Amino acid sequence: MGLEEKMEEFLQKVGGSAVIDGGFATELERHGADLNDPLWSAKCLITSPHLIRQVHLDYLEAGAEIIITSSYQATIQGFKSKGFSEKEAEELLVKSVHIACEARDIYWERHSKSSCNKFGNGNVLERDPILVAASIGSYGAYLADGSEYSGDYGVDVTLDTLKDFHRRRVQVLAESGADLIAFETIPNKLEARAYVQLLEENDINIPAWFTFNSKDGTNVVSGDSLLECASIADSCKKVVAVGINCTPPRYIHDLILFIKKVTTKPIVIYPNSGETYDSVIKEWVESAGVSDEDFVSHVEKWREAGASFIGGCCRTTPLTIKAISRALNKRSTNSSKLTCKQDLEELFN
Ligand code: MET
Ligand SMILES: [Zn+2]
């Protein structure tokens with residue numbers, strides 16, 4: 001089965017639309033983590049892995065069917081500048097995936113339901129389908145200088161600079177046991193092109209999704225045309241979904257319609273809470289934020305417009321994800337899995 005078909009199958013299993021988790025780094029901060037560091041959330045891979053596992057679990061309990069790892073700002077170059085060896089840096093990348101898989105195992109252990117095995121007499125454990133997506137943040141995220149939201153890398157940064165920067169990380173994460181790679185917050189077309197070439201040249205054999213960020217509802221943050229960026233993603237067979245993350249909810253509907261003009265791949269969206277990040281004072285400016293109810297009031301509209309994967313980015317929380325899950329009629333479906341006599345007896349006795 002091809003990568004695209006695998007993703008289609010997952011979508012079918014979860015009822016046509018999938019719930020992604022919410023803001024990861026900002027949720028770690030709510031738990032008390034100090035992320036004022038060039039490694040941002042990846043700092044916790046070193047200092048507090050238990051917190052990472054807890055946040056993943058909180059999102060799973062809230063209804064997330066895809067959890068995104070803590071590797072957004074985990075880079076080999078970043079770890080090396082902290083004194084880690086190349087090997088240790090690679091191990092930390094793999095660790096981000098292992099912690100997410102561990103959280104999924106704990107969740108499955110807690111919630112697996114025994115159901116009738118049609119082909120034999122025994123019971124089989126029925127598990128909610130859950131994917132672990134290995135996060136890859138942009139070069140600008142590594143620079144931690146605000147260029148993640150300007151997309152402006154200057155003239156000295158070429159396609160090859162970006163490919164050299166990302167190559168090993170992509171290879172390591174592709175072999176880590178993750179189900180897919182989430183290339184997140186892509187700020188310009190150069191980086192999208194670099195990712196496509198890396199996926200193709202390195203025989204990456206897990207699917208990927210590309211999500212761009214926008215601050216005007218038309219273009220990606222660098223000013224590059226979203227249509228052009230989404231077409232680059234569309235050109236690669238390994239890219240199984242295209243969309244938007246870390247962008248205010250008010251822009252999402254129009255952005256979905258734009259993306260649909262150039263691709264038939266499933267659309268993925270996980271907006272932020274609508275607040276904006278001020279990279280000078282290193283704080284989120286709250287004035288323009290939306291409440292969980294407002295955020296979720298858009299969900300049905302986004303789904304109707306064509307989004308198949310829906311979650312939240314910075315400053316959204318497990319409560320946001322719970323509300324999205326409810327808006328998409330999830331987990332209530334658990335009861336419909338009670339189909340055999342034994343299950344019914346268990347339910348009524
Ligand atoms: C700046 S966007 C950050 C995305 C990352 N997956 C996170 O939620 O932390
Ligand atoms: Zn974000």
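Worth saying up front: this structure is predicted, and the values here are computed from it rather than measured. Order of appearance sets the numbers: ligands from 1, and atoms from 1 within every ligand.
Among pairs with a residue in residues 168-181, those fulfilling salt bridge (Lys or Arg N to Asp or Glu O under 4.0 Å) read E90-R168, R104-D179, at least two apart in sequence or across chains.
Within the listing of ligand 1, atoms 1 (C) sit less than 4.0 angstrom from a heavy atom of E148. Atoms of ligand 1 lying under 4.0 Å from at least one heavy atom of C246, given by number and element, are 1 (C), 2 (S). Each of the following atoms of ligand 1 lies closer than 4.0 Å to a heavy atom of Y149: 1 (C). In the vicinity of G23, heavy-atom distances shorter than 4.0 Å reach the ligand 1 atoms 8 (O). Every atom of ligand 1 is numbered from 1 in the order shown, and the set under 4.0 Å from a heavy atom of T185 is 2 (S).
Heavy atoms of C314 approach ligand 1 to within less than 4.0 angstrom.
Under the 30°/60° scheme for interplanar angles, the aromatic rings of F210 and Y195 are found to stand perpendicular.
For A141, no heavy-atom contact with ligand 1 is shorter than 4.0 Å.
No N or O atom of S135 sits closer than 3.5 Å to an N or O atom of ligand 1. Below 3.5 Å of separation, one finds an N or O of F24 facing an N or O of ligand 1.
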Query raised in the report: Step by step, would you call Y72 with F24 a ring pair (Phe, Tyr, Trp, His ring centres under 6.0 Å)?
Result: CA-CA 9 Å; Y72 180 78; F24 191 79; over 10 Å; no

Report task. Could you please spell out the steps behind the salt bridge (Lys or Arg N to Asp or Glu O under 4.0 Å) verdict for K330 and D128? Result -> CA-CA 11 Å; K330 295 285 179 152; D128 294 317; over 6 Å; no

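Close placement of the W302 and F295 rings is indicated, their centers lying within 6.0 Å of each other.
In this structure the side chain of R53 reaches within 4.5 angstrom of the side chain of I106, judged on heavy atoms.
Angle SG(C246) to the Zn ion (ligand 2) to SG(C314), rounded to 10°: 110°.
In the model, T158 has no side-chain atom that pairs as donor or acceptor with a side-chain atom of D160 under 3.5 Å.
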